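The next block holds one structure in the form of structure tokens; read it before the comments.
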Number of protein chains: 2
Amino acid sequence: MQNILILLQEHKIQPTPQRIATTQAVLDAGSHPSADEVWERVKTDHPTVSRATVYNTLNLLVEKGVLKTQIIKEGKVVFDPCVEPHHHFIDEESDEIHDIPWDALKVKGEDSLKDFEVREYQVVLRGRRKKK
Amino acid sequence: MQNILILLQEHKIQPTPQRIATTQAVLDAGSHPSADEVWERVKTDHPTVSRATVYNTLNLLVEKGVLKTQIIKEGKVVFDPCVEPHHHFIDEESDEIHDIPWDALKVKGEDSLKDFEVREYQVVLRGRRKKK
DNA sequence: TTTAACTTTAGACATAGTATAAATTGACAT
DNA sequence: ATGTCAATTTATACTATGTCTAAAGTTAAA
């Protein structure tokens, strides 16, 4: 995609085939992939790309503000292409993570916490996704 | 402590020296220790207790409802003696986790999430703890 | 006291992630 | 085009968290 190239340039990331493939993969992955999940995806099209490069690239993308990390799943960091504030619902059956729009929930009282200077917050919900 | 013994018995956990020491350690640790932090504590008084036993015991305590795990810190599971619903504040400087009482924050809208059956939720806040 | 169930132990294994050093690539001034 | 320096990629080693296994040790209870 041409879009990926532009995206990288906009964030002052020198585009390389490996970085383009990794960025493509993390964006295509949809639901909050882990680094190794991204690596698996990258390898299908670019089998020679090393694990270290995928890790490096993902960390770079986070540093440059293209992605955000979420610490929600046990033992894994997952990457979220949505860098704007929002909440998360974890389906305990499928282990899938779903974004909840910021406006769907309203939190009151966070600025009454005397001892704490809150930089960001989110609601983390767990349960089952309803089948239709 | 005699209390620990009673606590274990109340939760149908067969008390052993190792389990008593581990339970003591996780309760004394205060702020959300990781398994290896608990192991370090146990070893000061009981140097022969194995890592596996501490892990086994902590998992057992979770299973029996004495502790709850929290997935908040990168790469670690931490244990929380407070099993009642509450929120968490993570001090990004010290990496310390602080409990926020349930009533300090009010979340609205969580039962309007059409597609999700929420079993539990919490607000996770990050920032800096104010110095007095 | 013998048996069966439970518990502990050491160590192997699995997985996620970082660090390092050598090789490769790329940018670009000459 | 060429040489050079910086950036990038790679393979591999390493660390850390956590689980699993099989053997040894305990405990309870017939």
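Throughout, a chain's letter reflects where its sequence line sits, starting with A, and its residues are numbered from 1. Predicted, not measured: the structure shown is a model, and the values here were computed from it.
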Identify whether the distance between the nearest side-chain nitrogen and carboxylate oxygen of [X] and [Y] falls below 4.0 Å.
X	Y	value
A:Glu93	A:Arg128	yes
B:Glu117	A:Lys131	no
A:Glu92	B:Arg119	yes

[X] [atom1] to [N] [atom2]: how many Å, rounded?
X	N	atom1	atom2	answer
A:Gln9	C:dG26	CD	P	15 Å
A:Lys64	D:dA7	NZ	C1'	13 Å
A:Lys12	C:dA27	NZ	P	17 Å
B:Leu60	C:dT8	CG	C1'	13 Å
A:His46	D:dT9	NE2	P	12 Å
A:Glu37	C:dG17	CD	P	10 Å

> Can you list every pair that meets salt bridge (Lys or Arg N to Asp or Glu O under 4.0 Å) and has a residue in residues 8-36 of chain B, with sequence neighbours left out?
Replying inline: B:Asp36-B:Arg51

Under 3.5 Å, sequence neighbours excluded: what are the donor-acceptor pairs made by side chains of residues 71-89 of chain A?
| residue | atom | partner | partner atom | Å |
| --- | --- | --- | --- | --- |
| A:Lys73 | NZ | A:Asp95 | O | 3.4 |
| A:Asp80 | OD1 | A:Cys82 | N | 2.9 |
| A:Asp80 | OD2 | A:His32 | NE2 | 3.2 |
| A:Asp80 | OD2 | A:His86 | NE2 | 2.9 |
| A:Asp80 | OD2 | A:His88 | NE2 | 3.0 |
| A:His86 | ND1 | A:Glu84 | O | 2.7 |
| A:His86 | NE2 | A:His88 | NE2 | 3.1 |
| A:His86 | NE2 | A:Asp99 | OD1 | 3.0 |
| A:His87 | ND1 | A:Val123 | N | 2.9 |
| A:His88 | ND1 | A:Gln122 | OE1 | 2.7 |
| A:His88 | NE2 | A:Asp99 | OD1 | 3.1 |

So, is [X] close to the [N] phosphate, meaning a side-chain N or O under 4.0 Å from OP1 or OP2?
X	N	result
B:Thr16	D:dT27	no
B:Thr53	C:dT7	no
B:Gln18	C:dT7	no

Please list, for nucleotides 21-25 of chain C, all pairs of protein and nucleotide N/O atoms separated by less than 3.5 Å.
none

Which atom pairs link the protein and nucleotides 23-26 of chain D when you take only N or O atoms and keep those under 3.5 Å?
none

For nucleotides 12-20 of chain D, tabulate all protein N/O to nucleotide N/O atom pairs closer than 3.5 Å, reporting atom names and distance.
| residue | atom | partner | partner atom | Å |
| --- | --- | --- | --- | --- |
| D:dT17 | OP1 | B:Lys76 | NZ | 3.0 |
| D:dT17 | OP2 | B:Asp36 | OD2 | 3.3 |
| D:dG18 | OP1 | B:Val77 | N | 2.7 |
| D:dG18 | OP2 | B:Tyr55 | OH | 3.3 |
| D:dG18 | N7 | B:Arg51 | NH1 | 3.1 |
| D:dG18 | N7 | B:Arg51 | NH2 | 2.7 |
| D:dT19 | OP2 | B:Asn59 | ND2 | 3.4 |

Flag the pair [X] / [Y] as yes when at least one side-chain heavy-atom distance between them is below 4.5 Å, and no otherwise.
X	Y	result
B:Gln9	B:Ile13	no
B:Val26	B:Val42	no
A:Glu110	B:Leu125	yes

> Do the side chain of B:Trp39 and the main chain of B:Val49 share a donor and acceptor less than 3.5 angstrom apart?
Replying inline: yes

> Just by distance, do the side chain of A:Glu40 and the backbone of A:Glu37 share a donor-acceptor pair under 3.5 Å?
Replying inline: no

> How would you list, by chain and number, every residue that makes a side chain to side chain donor-acceptor pair (under 3.5 Å) with A:Thr53, sequence neighbours excluded?
Replying inline: A:Ser50

